[in-house]
Every structure is written in C-alpha cells, then in structure tokens.
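A quick write-up on the structure given underneath.
Here is the naming used below: chain letters follow the sequence lines, and residue numbers restart at 1 for every chain.
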Amino acid sequence: MSRYNAKATEAKWQKIWTDGKTFKTENTSDKPKYYVLEMFPYPSGRVHVGHVRNYTMGDVVARYRRAQGFEVMHPMGWDAFGMPAENAAMERKVHPADWTYDNIANMREQLKNVGLAIDWDRELATCDPEYYGQEQQIFIDFFNAGLIYRKESWVNWDPVDNTVLANEQVIDGKGWRSGAEVERRQLSQWFLKITDFADELLEGLGSLDRWPDKVRLMQENWIGRSEGLKFNFEIVDAPDGIDTKLPVYTTRPDTIFGASFCAISADHPVAAALAENNPEIAAFIEECRQMGTTEEAIEKAEKKGFDTGLKVYHPFDKSWELPVYIANFVLMDYGTGAIFACPAGDQRDFDFATKYKLPILPIVLPTGEDAGAYELGEEPYLGAGTMINSRFLDGMDTKDALAAVIDRAEDEGWGERTVNFRLRDWGVSRQRYWGTPIPFVHCDDCGVVPVKSEDLPVKLPDDVSFDTPGNPLEHHPTWKNTTCPKCGKPARRETDTMDTFVDSSWYFLRFCTPEADEPFDTDVVNEWMPVNQYIGGVEHAILHLLYARFFTRALKKVGRTNVEEPFEGLFTQGMVNHITYKDSDGEWVFPELIRKKDDGSLFRSDSGLSVSEGRVEKMSKSKRNVVDPDDIIDQYGADTARWFVLSDSPPERDLLWTEAGIEGAWRFVQRIYRMVEEPSIALAPVDSAVPESLEGPALELRKTTHKTIKGVTTDIENLHFNKAVARLYEFANAISGAKEADGMAEVLREATETLILLVGPAMPHLAEEMWAKLGHDTLVANTAWPQAIEALTVDATVKMAVQVNGKVRDTIEVAKDMDKQAIEAMALDLANVKKFTDGNTVRKVIVVPGRIVNIVAN
RNA sequence: GCCCGCAUGGUGGAAUUGGUAGACACACAAGACUUAAAAUCUUGAGAUCGUAUGAUCGUGCCGGUUCGAGUCCGGCUGCGGGUACCA
C-alpha cells in the first residue's frame, strides 16, 4: 500500500502556484470582486496555531469564492509596531526594527508553508516608512478637518522609573519592573474626535446584518447612548473661586426625590479648587490617584468619599440641602463628572450611603407591594414600579415620572433633556519609540504646526538607546530639533507616537493599492471595499473594530473614500486551547516531551519525571501548552493541520488541540489518497458521462454526491466548516462502500472528483495532487465549484417519528406530500402506538408534515 | 464592579432554529488480516435495570411557557472575552 508524501507534494504545488502567479489579484479584472481578509498578525516571532486556524478559515473562503468565479483579494500584512519590540530591545539589546523584520521574515516563511492562496505582492508592514508616512498624511487630513485636538489626559505613571506605563504593565497597582505604586498623572495628549461619529457609529450597526449579534450589542453598549437630564445644582454660599453652578447629568431624573447627596470626581475642577486651601481634601485627591487608569481598577476599588462641607440646593426645594462628596468612583470622563445619588435605587449609591450614614429614602414601590407596609431591605430596588415619597410624582409609573421631571425642568428653565454617550474621544498619544511619529512640530511662535506633506514621512531615527526608561525619542540628542514648517525658526518635533490601533484602522484600504504614493487610490478602494468577509478573534470585538469603523467614516468625511462601513461580513473565531502538563517538580512541560507508559501514566522524555494532566487552557508560552505549527507541518503536512483546525469545533468556539485529533486528520488525508490510488472499483475514464437512467446503489451514491455538494456549499457559505468536514467524512464513507453495479464506474468517478473539489479549499495540495492523478491537466485552483443537480437532492419519502404524549414510540415512512389525515390514520394504526393508546382516549393529534406526529391520549 | 458570550456521552461536537438528542470524528473494547507490529477492515457502545424484545432517566442547577424545550422565558452556578496604553 503506497502512502501519500505530504511534504514533497506540498512543496511541489506551492511552487507551481507561486511560479504561475495563480493567486495574483488584478484590480482591473472584469470578474465580480470578493475581498476576504483575516486580521493581520502581530509579528511576535513564531506563527501560532491560532494564526493557522484564522488564516485557514479565510483561505477556505478565498478559494471557494475563487472557484465560484470571483476575482478574490486575499492579502497579508504585519501589524508591526508595538511594545514587545521595545521590550526585546531592553532585554536583549536588539534594535526594535531588526527584531521586528526578523520576526516577519520567519513568520512569512512559516505562513507560506501553510499553502495559503494569498497575493503576496500586496504584503505590507505598518512599520515600513512607506506605510506610516501615508498614515501621517491621513493624520494631517484629519487635523485639517477638525477631527484632532490636544487635551490634558491621565496616564499611569511609574514614580521610580519616571515613565508612562501601559495598563498591561501595571500589576496589582504596581509598576511591573520597578514595583513602585503607580499613580495617575496628567499629560497633554493627542485625541481623535470619535465622539463626533457616536450617532453614526451606533446607527451604522443596524446595517451590519452579517456581523454577529453579540459584537453589535457590545459595540452598542460601548457607545452607550443614553437620554437623561442635565441640570445645575446651585451651591449654597459658594466660596470664592468656585462656580455657584454644579452641572450634573442623570439618566434617572425620576429618582430626584430620593437624592441624598451629590458626588464629584476627584479630578473635578471643584475638587481641585477646594484642595488649594484644604490639605485634607488635597490628600484625599492624592489618595484617589494612587491607582491605575483602567475602568476595572476604578470600579473594583473600595468606594471612598470625602465630605467637602459644600451643600447644594435640591432643585425642587430650596429648603432641602444635599451634601457634596468627592468620590473615587465618579468618572470625570462620563457626563459632567458630578452626579446626584439616590441610594434606594442604585447599588453603588446604596453602599456609599450606608458607609457614610446618609439618608436612604425609598421612592419606587415595586409593582404588587402594599404602599403602607413597604420597607426597603438590605438592598436597593432597581426595578420599575410606582413613585412614592416623591411629591408631585407620587402615584406615577417610573417611566412617566422620568419624563415628568424632565418636562418640569425644561418648563422652569433649570435643566434640559440631554443625550449623552459613554464613548470617549480616542487618545492616540504614546510616549514610546516603536510607533508612527505624530507629524507635528511645536513652535514657540506658531504653536502646534503640522509637518508639510512633501516632508513626510517623518521617519523614526535608527540610533536610539533603551538604556534609560522613558521615551527614546525624547532622549534622542538631535531628532526632535527641527524648524517650524510655518515660520522656519528652530522648533521641536512632537515626540509622541501613535497608538498601534491607528495602524490597524486603515490597512485594509492600503491593501487595495499598496504601492500608491498617497494613502490609497480612492477609485480602486471604492471598487474593492467593503471587505466582504473579515475574520479574526473576538477579543477585537470592540476596540479594533470600532476604531476601524470610525476611521473609515472619517476618511469618507475628508473625501478620500465613499465607503461608510469597512467590513460587510464579520466572523469572530474562537481561541486554540491545549491541555496543560506539570511534572512532579511542579514545572510546566511542553506537550512534545510527554510520553506514555504501558500502564497509561505519563512521564517527560527528558528527565523521566512523572507528569500529570492539568486544565485545558488557552495556549500560552508561560504554561508551555503550545504546539508549533512548523512541527506539525513537518510531520503531517499543511493539509492535515488545515483539516484539523477546521474539524470538530465550530469556528466561533474555542478549539481544543489534541495529538489524537491531528492523527485523525492525517488518516483522512491518507484515506482520500487511497480512494484515488486504489478505488473500491475501477473508475470510468476521465470526462466520461454519467448515464441518465440509474437505479439501486448507483443512483443512491449519485444522490449522496449531489446532496453533499449542496450541503457543503451551504456550510461554507455560512462558515460552518466543522459541519462541512463531518459531511465530507460521510461522503467518503459512502464512496468507500461503492460496489459493482450498472453505471457505478461513472457514478464513482463523479463522486470521487466531487470529493476532491469539495475538500479543495481546505486541503489544496492534496486536492491538486489527486486531481492530477485522476487524469486532469488543469489546476483545482482554476476549476469551477461543482453544481448540485437539484432533482437529485430531494427524496420522495420522509421518515417521521410518531410520539404518544411526547415520547417516541415508532417511526413511519411516508410519501413527501402525503396529507395530514392519511398520516394521522397511519400513525394511530401502528401496533407500537396502540400499545400506549389502548384504554385511553385520544384527545388530540398534532401532525407536523415531514417531521413528527404527536398523539395526546389519556 | 460593568458589558458580552458559553455549558450536550469517556472526549471534540451534531440536532433542518420549537419537532426522533448524541450525526461525524477522537478515544476505547472485541474480532479479521499479519510470524509480529504498524496500517487497514468489520462490529459494539449515553446512563440504569434486563439474556433480550424493552422500560425508565438524561443536554450545568432551580422554576416556567408548550401537545412537544438542548433550543423560548425568569432566577442561579461555573468558565471565558472585553473594560479605552497588550495586540
């Protein structure tokens, strides 16, 4: 029995595709266009199995669409700026550029071995000056359109290393290298006005019907549009230097009579003003700043407040004064940075009121409760009901009360109905080297001035040092010295670089015309965009996807495209998990070191120590539960790896990587090889026609063939690759079982060729090899997708389950169009049914044609 | 904390979207072939009781809607993703 040699065969076909420029994409093609894109990788150094999964899914779509006659664009690039390159520079004394380009070279080689149908001529890396220079041009366009501004904003500050830390670098409130308590500090930074597009970005979600509902919902909640009341509290005897008006925003104006205090953010101007003359307040504000900037850290921190001594008048009653607290849970970035609190209707306010012994007055009576007897327990009541203790609102429904308060505020002129968004403007400044330099110059006379377009790109200097913490661009002896583009006098370059999310917010446009000496050719982009199918991890559900949507709209606004939404179809794939192993010393062990003893127990091949299995977890270097795709491809070939990552797990869910699974895939590869090399009966010659009249097993196999074409096509359309795989296994089983019969030689050829074409997108090398063996001198990559003959995909009869009182008791085979009465009569007459209906009265019979009969009898 | 998911045999999962739960695969067991091993082929299997025909139970937990619930609704538990400077 001969064996399929994956390694040699795969290399052969990859060379044929490359030499023949098989996957070169033409911008000028007459064919309909289809743009498939997977989220481009960060060049970390090695390709991960998660990458293989992601790019294989995209490749199946690309090859399938190609077979359907589309001009497919399927490009690849590198999200190449970011912190790991700087960390490598600090730890291993390599230049970030060398580290990054080496990684790219390695990963490109690895990806090429996967056999992806990619047009490598379009490859780009975001750290190429040709790329980031165009990004700087876009930045200036946005600046000129008023979409960019500077403001003071908070960063994590490491007081020992004197450097800005990323959230990731803050561990339990401490700097990851220095171990110092992190504080928040303000810096002047660059912002993009994404909030100008809040409404559009929210409404645009409605048109994205090929996006997962969960992603749309997450984005909707992130944008967080709310309607509420904005009004000013009047401060009682406001001290000098403090405005008498304290603006607040609330989404629950109906709870205004349950108000028991006001709370302002520690970063609120009133707090700052009070701190000037009050060291205690200054100390409290300082304390509030002893933590990182993440929402998680702020929300999870113990709720603390400080009574400022200030009071405000209740808007409906000048004799009612509320105390004003500074509270560590009030965010300066949301609303006005000040709130009124109703402890009876909000958990956080309730906890705070309990802690500081502030009044808790119930104002909503839950539906069904008795007004006289109602008391609030140990918890606030957050639901709807009827207003109580609320003066003119008493007796109203909460919803009506909300409107009534706003109406009253507007009538009396002290407040207004206001739409508010949770979404904040996008801060893009990073105090780091390995990113796109922000193309601006600071001039003492002219202020902040954009670099002239003809002077772009503003290139990063090569000679930088990472010996001292902080921004190497800031430390560089000469780089920041320049002249003002406006007045020509000596001036200083901006040393901040851009958030790497900026780089990934338009790369899909650059792919359309990667050589353009402008960001992209507008006409070509308008032809290709939107991306028809975008595939990537769920972890990008909010930030990356929202920023890319914003960028696309902003680029339309500055006239560079007419595209509104960048991604027509979105698919979010799951992660790849692997079991963990620990040896008897408690060390994590790499899977390739695991060996099995005869009694089934595990040991590690290097030290011989016994090993136990741990939890299944996301593959990570620290847990050592990683598998290198190179090893798999070397041993089994790319097709086996591709087939395995598509099998079993639904693509949106996590995939459990197992050695047994990969072997199963490998066996299937061999099985297909045998089906062509040693078919169960001799195949009819190539190009022979299938006889029109068939019966028996030959007809059955032919029907299976066409049902499979139909099913696999639908599965791939819906990206249900695991179902397509299962269906193809069944098809292979049917083909293997073929026995000599009239017309079978022709039917078996049709079936075998169909199988090859259907597995083609998933296992392209094997498919090409088998296609050639079957006598074809064309490429599968250039062969049309098989068409199902509809008449062969339907059966004349259907099998129906017959239930008595919801339990299946028998099945019947009936003609597809049999009427309900006849089915009912047949069902009632079954012996297995009578056994359960005898002695009972048949009360009801439900017949669902083609599915089920349910007899209710008692 | 908040937002969003997910949970089905020993394992990964399927179930025409409210209609026969467990397709397909992995692992396992028995058998065939083989000097032997590998490979391959055949057969078996959710659990419990039973030799068996079969009966009962069964989709994380508690409750509800329905002739009928893995699927819909309410309440939990556990795990995962995001939380604006990881990408």
Side-chain angles (χ1 to χ4, degrees), chain A residues 1 3 39 41-42 44 79 81-84 155-156 164-170 189 194 212-215 217-222 224 292-301 303 329 333 347-348 422-432 499-501 504 537-544 546-547 572 574-575 577 615 617-618 647-650 652-656 658-665 667-668 670-671 674 711 714 720 722-723 725-730 732-733 736 799-803 805-811 843-846 848 850-856:
Chain A
M1 189 173 359
R3 300 268 286 174
M39 291 178 188
Y42 178 78
S44 57
D79 188 13
F81 276 135
M83 287 201 309
V155 292
N156 301 307
V164 176
L165 297 177
N167 287 336
E168 190 190 45
Q169 298 171 319
V170 180
Q189 310 208 58
I194 189 172
D213 288 341
K214 62 172 174 183
V215 175
L217 191 56
M218 279 189 267
Q219 292 218 350
E220 187 182 323
N221 291 338
W222 185 263
T293 56
T294 68
E295 189 194 323
E296 188 193 1
I298 294 165
E299 289 281 343
K300 277 184 163 172
K303 307 292 175 277
F329 61 84
D333 289 324
Q347 186 68 51
R348 218 168 40 181
R422 204 187 78 97
L423 183 68
R424 308 197 297 257
D425 276 336
W426 177 12
V428 295
S429 284
R430 298 294 181 268
Q431 293 70 43
R432 278 189 267 280
D499 179 5
T500 55
F501 274 126
S504 54
V538 240
E539 66 272 20
H540 296 294
I542 297 175
L543 293 181
H544 162 58
L546 192 63
Y547 291 144
T572 55
M575 294 173 310
N577 296 335
R615 290 170 40 136
E617 296 198 52
K618 175 164 83 169
S647 308
D648 292 351
S649 287
E652 69 279 9
R653 261 206 251 170
D654 289 354
L655 170 79
L656 179 63
T658 62
E659 192 62 21
I662 201 83
E663 275 167 17
R667 277 202 292 273
F668 188 61
Q670 294 294 351
R671 199 168 154 209
R674 282 198 310 277
T714 316
H720 292 158
N722 58 320
K723 295 189 206 172
V725 166
R727 218 183 275 278
L728 287 164
Y729 274 121
E730 284 183 89
N733 290 343
S736 306
K799 205 168 127 199
M800 290 175 65
V802 181
Q803 300 182 329
N805 294 330
K807 284 186 182 165
V808 179
R809 298 301 177 185
D810 209 340
T811 58
R843 306 279 175 193
K844 200 172 175 183
V845 181
I846 294 125
V848 184
R851 312 224 167 169
I852 205 163
V853 180
N854 192 11
I855 298 160
V856 185

(message) So, using side chain to side chain contact (heavy atoms under 4.5 Å, CB included) as the criterion, who are the partners of Ile298(A) when residues are at least two apart?
(response) Met291(A), Leu331(A)
(request) Please measure how far the C1' atom in A47(B) lies from the corresponding atom in U8(B), and state the result in whole Å. (result) 14 Å
Filtered N/O pairs between nucleotides 6-11 of chain B and protein, under 3.5 Å:
{"residue": "A7(B)", "atom": "OP1", "partner": "Arg653(A)", "partner atom": "NH2", "Å": "3.3"}

(request) Check whether any side-chain heavy atom of Asp810(A) sits under 4.5 Å from a side-chain heavy atom of Val808(A), and report yes or no. (result) no
(message) When you measure from the side-chain N and O atoms of Arg851(A) to the phosphate of A15(B), is any distance below 4.0 Å, counting only OP1 and OP2?
(response) no
(message) Could you tell me if the side chain of Phe668(A) sits less than 4.5 Å from the side chain of Ser647(A), heavy atoms only?
(response) no
(message) Give me syn or anti for G82(B), where syn covers glycosidic angles within 90 degrees of 0.
(response) anti
(message) Suppose you measure atom P in A23(B) against the same atom in G46(B); what distance do you get, rounded to whole Å?
(response) 8 Å
(request) For U16(B) versus U71(B), give the span between their C1' atoms, rounded off to a whole number of Å. (result) 13 Å
(message) Once rounded to the nearest 0.5 Å, what's the spacing between atom OG1 of Thr572(A) and atom CZ of Arg653(A)?
(response) 13.0 Å
(request) Pick the P atom in C76(B) and in G81(B), then give their distance to the nearest Å. (result) 23 Å
(message) I'd like the P distance from A29(B) over to U35(B), given in whole Å.
(response) 24 Å
(request) Report, as a single string ordered 5' to 3', how protein heavy atoms within less than 4.0 Å touch nucleotides 55-69 of chain B: B base, S sugar-phosphate only, - not at all. (result) SSS---------BS-
(message) Looking only at the side chains, is there a donor atom on one of Arg843(A) and Asn805(A) sitting less than 3.5 Å from an acceptor on the other?
(response) no
(request) Name all residues meeting the side-chain hydrogen bond (donor to acceptor under 3.5 Å, both in side chains) criterion together with Glu299(A); count only those two or more places apart in sequence or in a different chain, and write none if there are none. (result) Arg348(A)
(message) A side-chain contact here means heavy atoms from C-beta on lying under 4.5 Å apart; do Gln803(A) and Arg809(A) qualify?
(response) no
(message) Check whether Glu617(A) reaches the backbone of Asn577(A) with its side chain - one donor and one acceptor, N or O, closer than 3.5 Å.
(response) no
(message) What's the gap between G80(B) and A32(B) when it is taken at their P atoms, as a whole Å value?
(response) 48 Å
(message) So Ala541(A), base contact, sugar-phosphate only, or nothing? Heavy-atom distance under 4.0 Å.
(response) nothing
(request) Spell out protein contact along nucleotides 78-87 of chain B as letters: B when the base is contacted, S when just the sugar-phosphate is, - when no protein heavy atom is under 4.0 Å; keep the 5' to 3' order. (result) -SSBSBBBSB
(message) Rounded to whole Å, how long is the line connecting atom CG of Asn577(A) with atom P of G12(B)?
(response) 11 Å
(request) State plainly whether the residues Glu652(A) and Lys214(A) are in salt-bridge range, i.e. N to O under 4.0 Å. (result) no
(message) Could you check whether any side-chain heavy atom of Thr811(A) comes within less than 4.5 Å of a side-chain heavy atom of Val802(A), counting everything from C-beta outward?
(response) no
(request) Check the distance between C41(B)'s C1' and Gln670(A)'s CD and give it to me in whole angstrom. (result) 16 Å
(request) For U59(B) versus A15(B), give the span between their C1' atoms, rounded off to a whole number of Å. (result) 11 Å
(message) Using modelled atom types and a 3.5 Å cut-off, is there a donor and acceptor pairing between side-chain atoms of Asn854(A) and backbone atoms of Gly806(A)?
(response) yes
(message) Does any part of the side chain of Asp499(A), heavy atoms only, come nearer than 4.5 Å to the side chain of Trp426(A), both counted from C-beta?
(response) yes
(request) Quickly work out the Arg667(A) CZ to C24(B) P distance and round it to whole Å. (result) 16 Å
(message) Can you give me the dot-bracket string for RNA chain B, 5' to 3', counting Watson-Crick and G-U wobble pairs with both distances under 3.5 Å, using [ ] for crossing pairs and | for partners on another strand?
(response) (((((((..(((......[....))).(((((.......))))).((((....))))..(((((..]....))))))))))))....
(message) Taking G70(B) as the reference, what is the distance to G22(B) when you measure between their C1' atoms (whole Å, please)?
(response) 11 Å
(message) Is there a side-chain contact between Asn167(A) and Thr293(A) in this structure, where contact means two heavy atoms from C-beta onward sitting under 4.5 Å apart?
(response) yes
(request) Mind checking Arg843(A) for me? I need base, sugar-phosphate or nothing, with any heavy atom below 4.0 Å counting as a touch. (result) nothing
(request) Measure from CD on Glu730(A) to C1' on A15(B) and round the result to the nearest Å. (result) 12 Å
(message) Taking the minimum atom-to-atom distance to the side chain of Asn733(A), which one of G1(B), C4(B), C24(B) wins?
(response) C24(B)
(message) Please classify the glycosidic conformation of U17(B) as syn (within 90° of 0) or anti (everything else).
(response) syn
(message) Is there a side-chain contact between Arg430(A) and Met83(A) in this structure, where contact means two heavy atoms from C-beta onward sitting under 4.5 Å apart?
(response) no
(message) Heavy-atom nearest nucleotide on RNA chain B for Asp648(A) versus Asn221(A): which residue maps closer to 5'?
(response) Asn221(A)
(message) With a 3.5 Å distance limit and no angle check, can you tell me whether Asp425(A) reaches the backbone of Ile194(A) through a side-chain donor-acceptor pair?
(response) yes
(message) With a 4.0 Å cutoff (strictly under), does any side-chain N or O of Lys214(A) reach OP1 or OP2 of C3(B)?
(response) no
(message) Regarding Asp333(A), tell me which of base, sugar-phosphate or nothing describes its non-hydrogen contacts under 4.0 Å with the strands shown.
(response) nothing
